[in-house]
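For reference, the structure is listed below as structure tokens.
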Amino acid sequence: MKRRITRAVVLASTVMVGAAACSSSAGSSSSGGSVLSTDGKGKTITVWLQSDAQKGWPDVVNQANQRFEQATGAKVKIEWQQWANYTTKLDSTFAGSTAIPDAVELGNTQTASYIAGGAFADLTKAKGQFENSGTWLQGLAESGTSPDGKLQAVPYYAGSRVVIYRKDLWTKAGVTSAPTTLDELYADLDKIKAANASDPNFSAFYMPGKYWYGAMSFVYGAGGSIATQSGGTWKGDLESSASQQGLNNWAKLARTYSVGGATKDEADQDNIMAQGHVAAILGNGWEVGAVTDPKTGDPKLAPDLSTFPMPGTAAGKYTPSFLGGSDLAVPAKAPNKGLGAEWIKIFTDTASQKLLAKYAIPNTTSLLGVYEQQAQANQSTGEAAKNTWFVPNTPNWANVESGNVLQNALESIATGQSSVSAAAASADKQIASILNAKS
């Protein structure tokens, strides 16, 4: 039975639930003061966006740029970024005084540490001028708000991951329905792998070795977690029996059914799938469009692609999906802070978010119905959004990401260099050290 994504989101977690507390609604008369600026004649602003938008929704970016240029007279230079080592680049850039962008995208797991460090401009006075600020997704709104209630980053979009698969390859192997448990998935992949044994580059399920968002989903699906906190002290939890079972479930995909990606992350998995040697990947729903993109993918695959939530250990129980998202912020030392804030305002307004809803979960609860109606993949991500996980809630978490702690541990498992137990023990030690570090 079809279920509305609004209900899925409400059931998911506080990452997505409800409306942002203490937010102003669109159309508020609150003055933006000097926070926003439309005086841009002869100027060019620099915006750092992740390549997700470049591959997934360039039309959304282009229309926002055009409207911004018409409204301000300023030009926009988009500098496309990659998630890998992104916080290292941000750290070195913010530590300097030149070449600082006017607006930046950050993952909602990264924002807290930069807010704590005073890296962003205060947008509180202009909050009422950002459309839909009264119905922003709560988890994204909270990730961009300082402990004392100041708005320092604006919600951009959210997403949950699903299995994207080639219906034609699955059908030829005798698999005609989506699996309902992990054991059924493995059995189906055995058939698909056997049917394509003549292709040495074939992956029945392409699972990159450094894909920590994917791997940790299996950890949480088995009842484990990355870390736990007790009495103010953090402890790595990957060594627990439940977490190791989840890592073994993930490792089976990475070792048995995936070819060629043991030392890689998921950044180019869409392009790899488009080459025709992959029967399934784990990705955001919008990645269907990236796989079939005329410039970087293969449009001929469009009729054969479909999605389903990653099954869990029991029928009717999905493997939890990481339900994350991105925020947009103005660096405190940006040369054009007012114009940067104005660009963010346009890029996150109703017009832009309606277009974005074709590809990703928009930043406001008021457009979730629009999102659900766009594509079959969106219905799957809505189902996946009912069971989610999130990273440990501490500003120090960004240092775990930038230190590649999970990525390195997972790579060692995928390549066979370490056992699951040894990799988990090493990662737990590093996680505890980082999360308990005093600032």
Side-chain angles (χ1 to χ4, degrees), residues 32-108 110-111 113-115 117-126 129-131 140 143-144 151-157 267 325-349 351-353 355-356 360 363 398 402:
S34 60
V35 176
L36 300 171
S37 173
T38 56
D39 182 15
K41 186 176 181 180
K43 298 179 180 179
T44 298
I45 68 166
T46 299
V47 176
W48 283 9
L49 282 182
Q50 290 295 324
S51 60
D52 297 342
Q54 183 182 28
K55 296 182 293 184
W57 46 91
D59 55 329
V60 181
V61 179
N62 292 338
Q63 62 83 31
N65 289 346
Q66 291 171 7
R67 290 196 288 130
F68 172 81
E69 292 176 5
Q70 291 171 358
T72 67
K75 300 293 184 182
V76 183
K77 179 183 179 183
I78 301 292
E79 293 186 354
W80 299 108
Q81 308 296 317
Q82 302 290 334
W83 287 117
N85 300 315
Y86 184 51
T87 55
T88 301
K89 184 174 183 178
L90 286 172
D91 291 344
S92 61
T93 300
F94 290 165
S97 58
T98 60
I100 295 176
D102 300 297
V104 296
E105 175 183 352
L106 297 99
N108 62 338
Q110 302 168 337
T111 312
S113 64
Y114 289 100
I115 289 177
F120 302 141
D122 184 359
L123 303 177
T124 308
K125 290 183 179 180
Q129 296 190 27
F130 289 92
E131 292 187 8
L140 293 185
S143 71
L151 177 66
Q152 296 194 308
V154 174
Y156 172 15
Y157 76 94
S326 283
D327 298 319
L328 297 162
V330 176
K333 295 192 291 184
N336 300 293
K337 287 193 285 291
L339 289 170
E342 182 68 22
W343 183 87
I344 292 174
K345 181 172 77 74
I346 292 173
F347 190 54
T348 59
D349 66 13
S352 293
Q353 290 290 308
L355 289 175
L356 182 61
N363 69 358
S402 62

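Here the structure is a predicted model, which is why all the values come from computation and not from measurement.
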Side chain to side chain donor-acceptor pair (under 3.5 Å) for D122 and T124? Distances and angles first, verdict last. CA-CA 6 Å; D122 184 359; T124 308; 2.5 Å; yes

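- Qualifying side-chain contact (heavy atoms from CB on, under 4.5 Å) partners for A351, counting only residues two or more places apart in sequence or in other chains: R67, D349.
- Applying the salt bridge (Lys or Arg N to Asp or Glu O under 4.0 Å) rule to E79 yields the partners K77; only residues at least two apart in sequence or on another chain are considered.
- Taking both residues in full, the closest heavy atoms of P331 and I100 are given as CB-CG2, 3.8 Å, listed atom of the first, atom of the second, then distance.
- With rounding to the nearest 0.5 angstrom, the CG atom of L106 is 8.0 Å from the OG atom of S326.
- Formation of a donor-acceptor pair under 3.5 Å by the K333 side chain with backbone atoms of G96 is found in this model.
- Minimum interatomic distance between A153 and D327 (heavy atoms only, all atoms of both residues): CB-CB, 3.8 Å.
- Taking both residues in full, the closest heavy atoms of K75 and F68 are given as O-CE2, 4.3 Å, listed atom of the first, atom of the second, then distance.
- In this view, W57 and Y157, W286 satisfy the ring-ring contact (aromatic ring centres under 6.0 Å, His included) rule, not counting sequence neighbours.
- Counting heavy atoms from C-beta on, the side chains of F130 and P155 never come closer than 4.5 Å.
- To the nearest 0.5 Å, the span separating NZ on K345 from CG on L123 amounts to 12.5 Å.
- Distance check, rounded to the nearest 0.5 Å: CD1 of I346 to OG1 of T72 gives 7.0 Å.
- Legend: residues meeting ring-ring contact (aromatic ring centres under 6.0 Å, His included) with F347, ordered by chain and number and at least two apart, are Y156, W343.
- The two residues L339 and K43 come nearest to each other via the heavy atoms CD1-CD, 3.8 Å.
- Applying the salt bridge (Lys or Arg N to Asp or Glu O under 4.0 Å) test to E105 and every residue at least two apart in sequence or in another chain returns nothing.
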Step by step, work out the side chain to side chain contact (heavy atoms under 4.5 Å, CB included) result for L328 and L49. CA-CA 9 Å; L328 297 162; L49 282 182; 3.9 Å; yes

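- Separating the CG atom in D52 from the CD atom in Q81 is a distance of 11.5 Å, to the nearest 0.5 Å.
- In this structure, T111 and S143 approach most closely via the heavy-atom pair CG2-O, 3.3 Å.
- V61 has its side chain within reach of W80: a pair of non-hydrogen atoms, C-beta onward, lies under 4.5 Å apart.
- Applying the salt bridge (Lys or Arg N to Asp or Glu O under 4.0 Å) rule to K337 yields no partners; only residues at least two apart in sequence or on another chain are considered.
- A donor-acceptor pair is defined here as one N or O able to donate and one able to accept, closer than 3.5 Å; such a pair exists between the side chain of Q110 and the backbone of G107.
- The two residues A64 and S352 come nearest to each other via the heavy atoms CB-OG, 4.1 Å.
- Residues S51 and Q82 are in side-chain contact: their nearest non-hydrogen atoms beyond the backbone lie under 4.5 Å apart.
- Residues V47 and D102 form no side-chain contact, since every pair of their non-hydrogen atoms from C-beta on lies 4.5 Å or further apart.
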